[in-house]
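Before any comments, here is the structure.
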Amino acid sequence: MSELNPQQQLAVDTLTGPLLLLAGAGTGKTTVIVHRIANLVRHGIRPEAILAVTFTNKAAREMKARVKGQLGSQADSMTVSTFHAFCASVLRRHIHQLGYSRSFSIASDSYQNGLIREIMSSEGLTGKGFDPGMVLHQISMAKAALKDPDQLENEKQVPLPQMSLLYRNYQKRLQQMDMLDFDDMLMLTVRLWQQYPEILAHYQKQYSHLMIDEYQDTNAAQLQIMLLLAGKAGNIAVVGDDDQSIYGWRGADLGNILQFEAYFPGAKVIRLEQNYRSTNTILKCANAVIALNQARREKNLWSQQGDGEKILSVSCADEKAEADFIAKYIQSQMPELSWKDFAVLFRSNHQARVLEEQFRKSRIPYLLVGANSFYHNKEILDAISFLQLIQNPSDDFSFLRIVNVPPRGIGDTSIARLREFRDITHQNFNQLLDHPEILEKLPEEAAGSIKQFRAVLQKARSEFARPGQLFDKATNFFEQIDFFNGLGRMYKPREDALRRRDNLMEFLNSLADFDEEHRNHKTLQEFLEAISLQDHSDNQEKNKNNASDSVTLMTVHAAKGLEFPMILLAGLERNIFPHQRAVEEGNEEEERRLFYVALTRARKNLLLCHAEKRRVMGQVSVVRPSKFLSEIPEEYIEFCKPADAIKPLSKEESHQSLQELIKELSSDE
DNA sequence: GGATAACCTATTTTT
DNA sequence: TAGGTTATCC
């Protein structure tokens with residue numbers, strides 16, 4: 001795109017007051033954001049006074065890089081940050097005012113999970129009907145909506161009567177351990193600014209111009225942060241698309257964008273509707289489908305790219321046939337296209353399994369996005385817990401996690417004893433270890449191990465107290481205490497031992513990288529914060545760059561913001577997409593937005609697949625096509641069977657592929 | 001303390 | 001079907 005269209009230009013020229021930029025899919029919003037920032041600077045706004053907020057680190061990095069392309073080194077003094085990283089920096093400076101330690105650490109999801117389990121079991125709330133994930137979700141939603149436990153008490157629609165009790169305990173335990181979860185970072189920033197107007201004033205003065213990306217995904221807490229920070233001056237520009245709001249289940253409030261003018265009086269609204277990505281056939285379908293939603297702002301995407309080809313809807317016998325068809329179809333498009341031109345999207349992760357299997361059989365290179373992250377590995381969590389405990393002595397949870405890893409004779413009995421002491425004295429485990437009389441009450445072997453453990457921790461704390469040489473310290477440290485080696489040995493008898501050891505090695509390397517990148521000026525605390533706030537798809541990025549050419553497999557959620565020449569959507573069936581539970585919970589419109597996101601990822605071609613029978617929970621059952629299929633206007637779509645969708649190979653090609661097959665068969669095993 | 005067996009349950013997961 | 005968690009046993 002060489003120059004801006006009139007709407008884009010208008011957005012770039014609107015520099016003061018509240019601005020809502022409704023940017024449809026593929027309408028060049030990032031270009032506008034970047035140009036607008038450059039324009040602000042051109043009009044005399046100091047880069048230090050500009051704050052741009054995104055949701056992901058990746059988005060922040062990209063924005064910064066592109067602004068740098070426009071402004072050069074001036075861009076360095078501007079703040080581009082995620083909501084959470086920004087709040088973390090605010091809280092690191094001021095959170096003592098709210099009774100937390102400034103050296104708080106950040107609770108990861110596995111951490112939250114473990115903590116809520118512990119709380120639920122101590123309240124006797126285990127077994128059927130007590131789902132820790134659900135409780136955690138409720139707490140998260142409450143925090144996102146800035147509700148405290150008392151407010152939850154008065155609510156009628158809580159799924160568990162004990163909700164507010166659990167929330168209160170969870171919060172108490174986190175605070176005792178000087179930990180914040182992700183929602184706390186937002187909630188406490190709001191609380192801080194509300195209770196200390198002079199602190200808020202400081203930030204208002206520092207940042208005169210705000211910009212928020214992916215505005216449709218903001219929750220109530222984030223809205224408060226923006227309202228407070230924008231203050232009376234109200235120089236805030238938000239960019240988003242209500243039709244692409246697909247994170248309601250994480251607390252995103254569509255009302256933030258639908259009622260923007262009510263929250264920010266005098267706001268200007270600009271629509272970007274010219275799309276630079278897709279064919280008009282695709283856009284007309286997407287427009288028609290999304291128009292069926294009630295809660296939205298009117299928009300109509302169009303492009304200058306011509307009509308392009310019709311959308312294809314293919315009906316397959318079952319999920320295996322569907323995967324087989326998808327594989328064959330992609331192969332049939334070769335070699336005119338390359339593997340990386342295709343993305344196969346699905347509603348839920350488990351659908352990937354059949355596809356993966358088929359792709360392996362068919363020897364199609366693929367990349368599964370969003371599969372379990374590096375940081376979910378047991379050994380990595382152990383290693384992080386270890387560092388966490390060194391950094392934050394109050395972290396009882398990490399203590400419990402690694403006090404006996406690798407096994408050093410500190411069993412359930414000893415732990416139970418320590419817990420008793422903790423309940424009586426209200427001191428954390430680390431403090432308890434300072435009392436010799438308590439150690440005496442433990443089994444002899446355990447007491448010995450614990451003393452040793454304590455000594456190791458103390459030594460490590462003094463080693464890590466100063467910034468720099470993180471990596472050296474860590475490697476030496478791990479070697480000295482035999483933690484690293486111990487872990488390696490621990491996994492030796494199993495065949496996954498090598499992988500786990502490699503993972504630990506990689507983790508140490510990431511420490512080294514971090515150290516080097518920041519020229520040895522960073523502390524352990526900063527490293528831990530970085531890995532907590534890092535979006536874990538960073539690893540995916542690396543994979544993607546390395547994997548030169550492969551088909552992408554991912555959920556529709558993961559595909560937001562991406563584009564591919566050809567999109568294949570699998571499992572377009574009732575109860576799968578829209579998801580049964582979403583419909584039951586009254587979220588059909590969000591499912592439709594999700595479908596809209598899927599459609600608008602495609603540049604040239606869209607292929608929608610569904611099966612007639614599918615194995616669900618081990619049982620084969622007859623399934624029906626999704627209602628979304630019937631929402632696509634008939635003139636843009638063609639229905640067919642797998643065989644009709646694949647262009648037959650020419651004689652020459654089929655001869656060739658036969659040759660290949662023979663070669664493969666003879667070389668295999 | 002650790003291995004094994006039985007048991008349960010299946011959305012999405014930016015930080 | 002497959003995974004993750006819990007229960008049980010040695």
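Per chain, numbering begins at 1; letters A, B, ... match sequence-line order.
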(message) Please list all pairs meeting salt bridge (Lys or Arg N to Asp or Glu O under 4.0 Å) that have one or both residues in residues 552-561 of chain A, counting only residues at least two apart or in different chains.
(response) E214(A)-K560(A), D217(A)-K560(A)
(message) Check this for me, if you would: do E356(A) and K361(A) make a salt bridge, where the nitrogen-to-carboxylate-oxygen distance has to be below 4.0 angstrom?
(response) no
(request) May I ask you to say whether E573(A) pairs ionically with R624(A), meaning some side-chain N is under 4.0 Å from a carboxylate O? (result) no
(request) Quick one: sort the F595(A) and F628(A) rings into parallel, tilted or perpendicular, breaks at 30° and 60°. (result) parallel
How far does the [atom1] atom of [N] sit from the matching atom of [M], given to the nearest Å?
N	M	atom1	result
dT6(C)	dT11(B)	C1'	24 Å
dT14(B)	dG3(C)	C1'	25 Å
dT13(B)	dG4(C)	P	15 Å

(message) Under the rule for ring pair (Phe, Tyr, Trp, His ring centres under 6.0 Å), what residues qualify as partners of H579(A), not counting sequence neighbours?
(response) none
(request) Output all residues satisfying ring pair (Phe, Tyr, Trp, His ring centres under 6.0 Å) with Y100(A), sequence neighbours left out; order by chain, then residue number. (result) none
(request) Under the side chain to side chain contact (heavy atoms under 4.5 Å, CB included) rule, collect the residues that match up with D242(A), sequence neighbours excluded. (result) L22(A), L254(A), I257(A), L258(A), R296(A), R297(A), K299(A)
If I take atom [atom1] in residue [X] and atom [atom2] in nucleotide [N], what distance separates them, rounded to the nearest angstrom?
X	N	atom1	atom2	answer
D253(A)	dT14(B)	CG	P	21 Å
E62(A)	dT14(B)	CD	C1'	13 Å
N404(A)	dG2(B)	CG	C1'	12 Å

(message) Is there a side-chain contact between N57(A) and the phosphate of dT14(B), meaning an N or O under 4.0 Å from OP1 or OP2?
(response) no
Polar-atom pairs under 3.5 Å, protein N or O versus N or O of nucleotides 10-13 of chain B: list them with distances, or write none.
from    : atom 1 : to      : atom 2 : distance (Å)
dT11(B) : OP1    : R581(A) : NH1    : 3.3
dT11(B) : O4'    : H579(A) : NE2    : 3.1
dT11(B) : O2     : R347(A) : NH1    : 3.0
dT11(B) : O2     : R347(A) : NH2    : 2.5
dT11(B) : O4     : E585(A) : OE1    : 3.3
dT12(B) : OP1    : N349(A) : N      : 2.7
dT12(B) : OP1    : N349(A) : ND2    : 3.3
dT12(B) : O4'    : R347(A) : NH2    : 3.0
dT12(B) : O2     : W249(A) : NE1    : 3.2
dT12(B) : O2     : R347(A) : NH2    : 2.6
dT13(B) : OP1    : T555(A) : OG1    : 2.7
dT13(B) : OP2    : N349(A) : ND2    : 2.8
dT13(B) : O2     : R250(A) : NE     : 3.3
dT13(B) : O2     : R250(A) : NH2    : 3.3

(message) Heavy atoms only, 4.0 Å cut-off, all strands: where does I410(A) land among base, sugar-phosphate and nothing?
(response) sugar-phosphate
Restricting both atoms to N or O, compile the protein contacts to nucleotides 6-8 of chain C shorter than 3.5 Å, with distance only.
from   : atom 1 : to      : atom 2 : distance (Å)
dT6(C) : OP1    : R117(A) : NH1    : 3.2

(request) Determine, using ring centers only, whether F182(A) and F83(A) are less than 6.0 Å apart. (result) no
(request) Using modelled atom types only, decide if a donor and an acceptor are shared between the side chain of R102(A) and the backbone of R92(A) within a distance under 3.5 Å. (result) yes
